[in-house]
Amino acid sequence: MTDNLSPGDETTHERSIRILGAAALETLAASHVLVAGLGGVGSYAVEALARSGVGTLSLVDYDYVTPSNLNRQLYALQSTLGCLKTAVATRRIADINPGCNVLSFELRITSDNVSELLSQKPDWVLDAIDDLPAKAALLATAHRMGIPSLAVLGTGNRSDPLANYTLADISATHTCPLARALRQRLRALGVESGIRTIFSPLPPQQQGTLGSTSYLPGQAGLIAAGVIIKALTASEA
């Protein structure tokens, strides 16, 4: 195994090796994934990436844990209220996979800072941001730089546990209000296709004030992590 894996990792990753293979675990240990947004979607995605043995994780979020996060976010506990999400995530990853190299960025993504953020050239970008301008800036810049990206779209105002999340190019998304707004933003930035998304083809149950469940954001985050893990290890299958 590579230096990114600690001495006990043969046992830690035994179950993963059985289904993915040892070569795939080597590939994951040498991989770098940037996750932007550590809320209901991003926190669960990071969990799966860390437990799968990804060697480097860049975590981007400027926010603190608040009481309204408790219903759906992995890092939200009574003991973490008021803490930076990046700090909570970093501690948790170290407790899961001590060999993982965590790069923490406490910033709000804008069109002015996103190129510098992506200058580290991660193997994949996972967009789990709620802020539409930041989401579009991150995805458009990653696209321009040739960095594969995956955007998770709307998970709010839904409660059907069988949300039928679908993997599709941004150009093929439909029904989801966030997808429509993102397509418009990206089109204005010169991007109409070439960005993968996870979205629900089911319409939101309500419009207006955003509500959320404990299970759908995390479900989308786990699916997104799985898509990236599968893409990273495809040549090892």
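Environment of CG in Asp63: crowded, with over 12 heavy atoms of neighbouring residues, nucleotides or ligands closer than 6.0 Å.
Clustering ILVMFWY residues whenever any of their side-chain heavy atoms sit less than 4.5 angstrom apart, transitively, puts Val227 in the very cluster that holds Ile19. Under a hydrophobic clustering in which Ile, Leu, Val, Met, Phe, Trp and Tyr are joined whenever their side-chain heavy atoms come within less than 4.5 Å, directly or via other members, Ile96 and Val54 fall into different clusters.
Atom OG1 of Thr27 is separated from atom CG of Leu232 by 8.0 Å, given to the nearest 0.5 angstrom.
Side chain to side chain, Thr12 and Glu14 fail the donor-acceptor criterion of an N or O pair below 3.5 Å. No side-chain donor from either of Thr213 and Arg158 sits under 3.5 Å from a side-chain acceptor of the other. Counted by atom type alone, Ser43 and Gln73 present zero donor-acceptor pairs between their side chains at under 3.5 Å.
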Worksheet item: Does the side-chain contact (heavy atoms from CB on, under 4.5 Å) test come out yes or no for His143 and Ser149, once each step is laid out?
Response: CA-CA 7 Å; His143 182 74; Ser149 60; 5.7 Å; no

Item to complete: For side-chain contact (heavy atoms from CB on, under 4.5 Å), just list the numbers for Val152 and Phe199, CA-CA rounded to whole Å, side-chain angles, deciding distance to a tenth of an Å, and then say yes or no.
Response: CA-CA 6 Å; Val152 179; Phe199 83 104; over 6 Å; no

Discussion item. Between Ser115 and Arg144, does the side chain to side chain donor-acceptor pair (under 3.5 Å) criterion hold? Intermediate values first, please.
Written reply: CA-CA 10 Å; Ser115 293; Arg144 175 175 56 80; 3.2 Å; yes

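Glu106 and Lys85 are not joined by a salt bridge, as no carboxylate oxygen comes within less than 4.0 angstrom of a charged side-chain nitrogen. The pair Arg196-Asp169 does not meet the salt-bridge criterion, since no charged nitrogen lies less than 4.0 angstrom from a carboxylate oxygen.
Residues Leu138 and Val125 are in side-chain contact: their nearest non-hydrogen atoms beyond the backbone lie under 4.5 Å apart.
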